[in-house]
Amino acid sequence: MQISENIFYVGVNDHNIDLFEGQYIVPNGMAYNSYVIMDEKIAIMDSVDKNFTDEWLNNIKTVIKDKTPDYLVVQHMEPDHSANIVNFLNEYPNAVVVSSDKAFKMMSNFFGTDYSERRIVVSEGSTLELGKHTLSFVAAPMVHWPEVIMTYDNVDKVLFSADGFGKFGALDVEEEDWACEARRYYFGIVGKYGVQVQNVLKKAADLDIQTICPLHGPVLKENLGYYLDLYNTWSSYGVETEGVAIAYTSVYGHTKEAVELLAKKLEEKGCPKVAVTDLAREDMAEAVEDAFRYGKIVLATTTYNGFIFPFMKEFINHLTERGYKNKTIGMIENGSWAPMAAKTMLSMFEGCKNIKYTDTTVTIHSALSEENKKQIEMLAAELTK
C-alpha cells in the first residue's frame, strides 16, 4: 500500500489471534502496522508481532529493494509492535534505533540490551532529517504506555500516531464502521488516560495533519475532523450518543424481566437509543464501550453473597478503573431477603467524579411486583425528561 509518494505500508494482518491483549475478542483479526519512509535516509516506523517476522521483513524488502534501512523508529514498546526489533537489527546491522529514553530502558528489559552503540534518543521537539523529509517527535506518555512517542512528517503532513486512533480488525477484511471497533479499542485499552490523550490532542491541533498512520487499523486520510472530534469526546468523557445503556445480570429471569420492561418504557417515552447488555453472556468490552458512549446508564443486578453478582462487579471495576465520570446512573436491585446491590454499587463509584444518580432506585424482592412496575415507570420518566 502506498500512502504518499515516499511513504509505504509494510504491516501485517493476524487472523490467528482470538483475544487481543489476552482479553478482547477480535472476530475480524488484528492489524499490526509498520511503515517505510523512502528518502536519502530510509526510516522504518515500528516493527510487528513476533509471529510475523518473515512476512514483515519481506514486505520491507519489497519496498526498499536493494537498499538498506538507516533507522528503525520505535514509537511504542508493547510486544505486538516491538517484538521484531532484534530480528530487524540482525538483518540490518548498520541500522540505528530511534526512540525515547524510556523505550530504551524497556528494550533492556525485553532484550537484555539498550543498544547504546547504535541508538538515537529523542524526546519532545527532537527532529530527524531524512533528506527531503524531516521527522518531528511528539511525546505521548501514557497513551497508553509511558515511553510512547508519536512522529510527524513535515513534508507529507503525516502523523504516525502509535496506538492512538487505532482499532480492532485486520485490514484485509470487509470494510466496517471505524467508530464501533475504534471505540471499543479506545475505552478498553486507552480509556483510563483521558487527560494524557487530551494533552496530545492539544499538541496535534498545532500541526497540519493530512494523514494519520496508526499502529492498528486503517490509515486515515479523509474527514480527519470526524476522528479527532470523536477522540476529543472520548478522552474528555463526554456524551457521544444520546440514549441509555442498560447493563444487567439475572439469575432466574426476574431482573431480566425488569430490564426488558424498562427498555420498553424508555422507548415509549422517546428515548433515541436503548442499548441493553447481558453481562454474563455478551462481550464485556462492548458493555464498557456503551457505558462511556451514552450519558446515562442503568445497572441492574442481584445481591449475591452479600455483595453483587460477579459479572456486575467486574463490569463496574472496568468502569472505575478507567476513571468513569460525567454520567447519570440509575439502579435496579434484586434481593429475596436482604437487598444490598444498590448500596454496594453506590459504594463502588465513590471515587468517581461528577456522577449523578436518579432519584428512583428499583428494589425487587424476588419477583417483579406492581409497585416495581410503577417504580420502573418513574425511572424511565427520570431518564427521558
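Predicted model only: the values in this text are computed from it and were never measured.
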Identify whether the distance between the nearest side-chain nitrogen and carboxylate oxygen of Glu181 and Arg184 falls below 4.0 Å.
-> yes
Is there a donor in the side chain of Glu55 and an acceptor in the side chain of Asn58, or the other way round, less than 3.5 Å apart?
-> no
Residues that Lys373 engages under salt bridge (Lys or Arg N to Asp or Glu O under 4.0 Å), provided they are two or more places apart | Glu370
Provide the full list of side chain to side chain donor-acceptor pair (under 3.5 Å) pairs with a residue in residues 297-312, sequence neighbours left out, each pair given once.
-> Thr249-Thr301
Enumerate the residue pairs fulfilling salt bridge (charged side-chain N to carboxylate O under 4.0 Å, His left out) with a member in residues 327-352, sequence neighbours excluded, ordered by first and then second residue.
-> none
Lys325 NZ: over 12 foreign heavy atoms closer than 6.0 Å = yes
Pairs flagged by salt bridge (charged side-chain N to carboxylate O under 4.0 Å, His left out) wherever residues 236-253 is involved - sequence neighbours left out | Arg183-Glu240
If you measure only the distance, is there a donor-acceptor pair under 3.5 Å linking the side chains of Glu382 and Thr360?
-> yes
If we only count heavy atoms from C-beta on, is the Ile332 to Leu379 side-chain gap below 4.5 Å?
-> yes
Check residues 131-148 and write down every donor-acceptor pair under 3.5 Å in which the side-chain atom is one partner and the other belongs to a residue at least two apart or another chain.
{"from": "Lys132", "atom 1": "NZ", "to": "Asn6", "atom 2": "OD1", "distance (Å)": "3.1"}
{"from": "His133", "atom 1": "ND1", "to": "Asp153", "atom 2": "OD1", "distance (Å)": "2.9"}
{"from": "His133", "atom 1": "ND1", "to": "Asp153", "atom 2": "OD2", "distance (Å)": "3.0"}
{"from": "His133", "atom 1": "NE2", "to": "Asn6", "atom 2": "OD1", "distance (Å)": "3.1"}
{"from": "Thr134", "atom 1": "OG1", "to": "Glu129", "atom 2": "OE1", "distance (Å)": "2.7"}
{"from": "Thr134", "atom 1": "OG1", "to": "Glu129", "atom 2": "OE2", "distance (Å)": "3.4"}
{"from": "His144", "atom 1": "NE2", "to": "Glu78", "atom 2": "OE1", "distance (Å)": "2.9"}
{"from": "His144", "atom 1": "NE2", "to": "Asp163", "atom 2": "OD2", "distance (Å)": "3.1"}
{"from": "Glu147", "atom 1": "OE2", "to": "His76", "atom 2": "ND1", "distance (Å)": "2.7"}
{"from": "Glu147", "atom 1": "OE2", "to": "Met77", "atom 2": "N", "distance (Å)": "2.6"}

Could you check if a side-chain atom of Asp49 sits within less than 4.5 angstrom of a side-chain atom of Met30, using non-hydrogen atoms only?
-> no
Those residues at least two apart in sequence (or on a different chain) that pass salt bridge (Lys or Arg N to Asp or Glu O under 4.0 Å) with Glu124 are Lys203
Would you please name every residue forming a salt bridge (Lys or Arg N to Asp or Glu O under 4.0 Å) with Glu5, sequence neighbours left out?
-> none
Would you call the rings of Phe88 and Trp56 parallel, tilted or perpendicular if under 30° counts as parallel and over 60° as perpendicular?
-> tilted
Between Asn59 and Val36, is any pair of side-chain heavy atoms under 4.5 Å apart?
-> no
Using ring pair (Phe, Tyr, Trp, His ring centres under 6.0 Å) as the criterion, point out the one residue from Tyr227, Trp234, Tyr231 that pairs with Phe165.
-> Tyr231
Apply salt bridge (Lys or Arg N to Asp or Glu O under 4.0 Å) to Glu21 and list each qualifying residue two or more places apart in sequence or on a separate chain.
-> none
Identify all side-chain donor-acceptor contacts of residues 268-281 below 3.5 Å with residues at least two apart in sequence or on another chain.
{"from": "Lys269", "atom 1": "NZ", "to": "Glu377", "atom 2": "OE2", "distance (Å)": "2.8"}
{"from": "Asp278", "atom 1": "OD1", "to": "Ala280", "atom 2": "N", "distance (Å)": "3.1"}
{"from": "Asp278", "atom 1": "OD2", "to": "Arg281", "atom 2": "NH1", "distance (Å)": "2.9"}

Could you give all pairs that pass the side chain to side chain donor-acceptor pair (under 3.5 Å) test and reach residues 60-72, with sequence neighbours left out?
-> Lys61-Glu91
Count the heavy atoms belonging to other residues, nucleotides or ligands that lie under 6.0 Å from NZ of Lys356, then report whether that count exceeds 12.
-> no
Mind telling me whether Phe349 and Tyr357 have parallel, tilted or perpendicular rings, with 30° and 60° as the class edges?
-> perpendicular
Residues pairing under salt bridge (charged side-chain N to carboxylate O under 4.0 Å, His left out) where one sits in residues 104-118, two or more places apart or in two chains, turn out to be Asp101-Lys105, Asp114-Arg119
Show the atom names and distances, to 0.1 Å, of all donor-acceptor pairs under 3.5 Å that link a side chain in residues 212-223 to residues at least two apart or in another chain.
{"from": "His216", "atom 1": "ND1", "to": "Ala31", "atom 2": "O", "distance (Å)": "2.7"}
{"from": "His216", "atom 1": "NE2", "to": "Asp80", "atom 2": "OD2", "distance (Å)": "3.1"}
{"from": "His216", "atom 1": "NE2", "to": "His81", "atom 2": "NE2", "distance (Å)": "3.1"}
{"from": "Lys221", "atom 1": "NZ", "to": "Ile3", "atom 2": "O", "distance (Å)": "2.5"}

In a check of ring pair (Phe, Tyr, Trp, His ring centres under 6.0 Å) between Phe187 and each of Tyr324, Phe292, Tyr24, Phe168, which one passes?
-> Phe292
Considering only heavy atoms from C-beta outward, does the side chain of Ile355 approach that of Ile329 to under 4.5 Å?
-> yes
